[in-house]
Amino acid sequence: MSSIQEYQKAGHDVSKMQIAIHSHTFVSDDQNAVDGYFNTYKSQMDRIGASRGWAPYTKMQYDGGRSKDGALFIGSPAEVADKIAYMKEIFGITRFIGHMDVGDPAHDIMMKSIELFGNEVKPMIQGL
C-alpha cells in the first residue's frame, strides 16, 4: 500500500498531506569551504562507520552525495536551493529539514551556514 493510500486509510485529507526530507546540509558561498567540509564530514562518517563495519568514507561518496540525485545538500546557496526545488519536483516535498552539524564544524563556519540558509536559500525556495 502506498503512503498516500495509508494516509487516506487513516482518515486524512490528501490535499493536506505534508512530505518532508531530512538531510545532511552545509551551505557556503566559498567553494574552498565546501571542498574542505569533506574532511569534517568524513571524520564523522568514519567515526560512525567504524562501529558499523563500514569502509572509510571517500571523496567519491561525498561528491556523489552532493550531485543532483545524491542525498547531501552541501554546496553554495544556489546549489542547495536548486536541489531542494528538484526534490519538490520529483517527490512533492512540502518541507525540508537540514541537519547542519554533522562532523562538528567550527562554530563560526556553522553559524555562517545557518545564516546563508536563512538569508539566501530560504528566499529562493519560498513559495515553490
Side-chain angles (χ1 to χ4, degrees):
M1 186 174 282
S2 75
S3 57
I4 292 174
Q5 290 169 324
E6 288 290 343
Y7 195 77
Q8 287 175 314
K9 182 179 169 188
H12 300 291
D13 179 351
V14 174
S15 70
K16 296 179 183 176
M17 186 173 175
Q18 301 290 309
I19 301 171
I21 289 177
H22 171 205
S23 186
H24 296 167
T25 304
F26 175 73
V27 184
S28 180
D29 49 14
D30 176 358
Q31 186 60 46
N32 290 328
V34 171
D35 292 340
Y37 189 69
F38 165 72
N39 295 315
T40 301
Y41 194 79
K42 174 181 173 43
S43 174
Q44 180 69 28
M45 292 300 103
D46 287 350
R47 190 170 31 258
I48 293 168
S51 67
R52 298 178 184 179
W54 300 349
Y57 192 77
T58 67
K59 183 74 160 77
M60 182 186 285
Q61 287 174 290
Y62 183 73
D63 292 341
R66 290 188 58 233
S67 72
K68 183 177 181 178
D69 294 313
L72 302 177
F73 288 72
I74 297 174
S76 71
E79 289 171 324
V80 171
D82 287 349
K83 195 163 184 177
I84 293 170
Y86 178 61
M87 294 298 126
K88 178 168 178 52
E89 178 184 320
I90 61 173
F91 295 119
I93 66 169
T94 56
R95 297 171 185 214
F96 176 81
I97 303 162
H99 185 145
M100 299 183 86
D101 64 348
V102 179
D104 193 26
H107 180 74
D108 61 327
I109 292 170
M110 180 54 40
M111 294 305 293
K112 182 66 175 176
S113 180
I114 294 167
E115 177 186 327
L116 288 169
F117 192 89
N119 292 337
E120 295 191 31
V121 174
K122 183 182 176 199
M124 286 188 248
I125 60 171
Q126 195 111 22
L128 291 178

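None of the values given here were measured: they were computed from a predicted structure.
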Here the salt bridge (charged side-chain N to carboxylate O under 4.0 Å, His left out) pairs for residues 79-103, sequence neighbours left out, are Arg66-Glu79
Checklist line | Common cluster, Met17/Ile90, ILVMFWY with side-chain heavy-atom separation under 4.5 Å | finding: yes
*Side-chain heavy atoms under 4.5 angstrom apart, residues restricted to Ile, Leu, Val, Met, Phe, Trp, Tyr: same cluster for Val102 and Met100?*
no
Drop me the distance from [X]'s [atom1] to [Y]'s [atom2], to the nearest 0.5 angstrom.
| X | Y | atom1 | atom2 | answer |
| --- | --- | --- | --- | --- |
| Asp63 | Phe38 | CG | CZ | 8.0 Å |
| Phe91 | Ile21 | CZ | CD1 | 6.0 Å |
| Ile84 | Ile93 | CD1 | CD1 | 6.5 Å |

Name every donor-acceptor pair, under 3.5 Å, that has one atom in a side chain of residues 106-123 and the other anywhere in the protein, sequence neighbours excluded.
from   : atom 1 : to    : atom 2 : distance (Å)
Ser113 : OG     : Val27 : N      : 2.9
Ser113 : OG     : Val27 : O      : 3.4

For [X], all residues meeting side chain to side chain donor-acceptor pair (under 3.5 Å), sequence neighbours excluded:
| X | result |
| --- | --- |
| Ser67 | none |
| Asp29 | none |
| Asn32 | none |

May I ask you to check whether Asp13 and Tyr7 show a side-chain donor-acceptor distance below 3.5 Å?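 Asp13 vs Tyr7: no donor-acceptor pair found between side chains.
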Can you check side-chain contact (heavy atoms from CB on, under 4.5 Å) on Lys68 and Tyr86, steps first, answer last?
CA-CA 8 Å; Lys68 183 177 181 178; Tyr86 178 61; 3.2 Å; yes
Quiz item: Quick one: does Thr40's side chain have a donor or acceptor within less than 3.5 Å of a partner on Pro105's backbone?
Solution: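 Side chain of Thr40 to backbone of Pro105: no pair is present.
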* Measure the shortest side-chain to side-chain distance between Ser28 and Tyr37 over non-hydrogen atoms and say whether it is less than 4.5 angstrom. => no
Enumerate donor-acceptor pairs with a distance under 3.5 Å from any side-chain N or O in residues 45-57 to protein atoms, sequence neighbours excluded.
from  : atom 1 : to    : atom 2 : distance (Å)
Asp46 : OD1    : Tyr57 : N      : 2.7
Asp46 : OD2    : Lys42 : NZ     : 2.7
Arg47 : NH1    : Ser43 : OG     : 3.4
Arg47 : NH2    : Gln44 : OE1    : 2.8
Ser51 : OG     : Ile48 : O      : 3.0
Tyr57 : OH     : Tyr62 : N      : 3.4

Output, in order, the C-alpha distance, side-chain angles, deciding distance and verdict of ring pair (Phe, Tyr, Trp, His ring centres under 6.0 Å) for Phe73 and Phe96. CA-CA 10 Å; Phe73 288 72; Phe96 176 81; 4.7 Å; yes
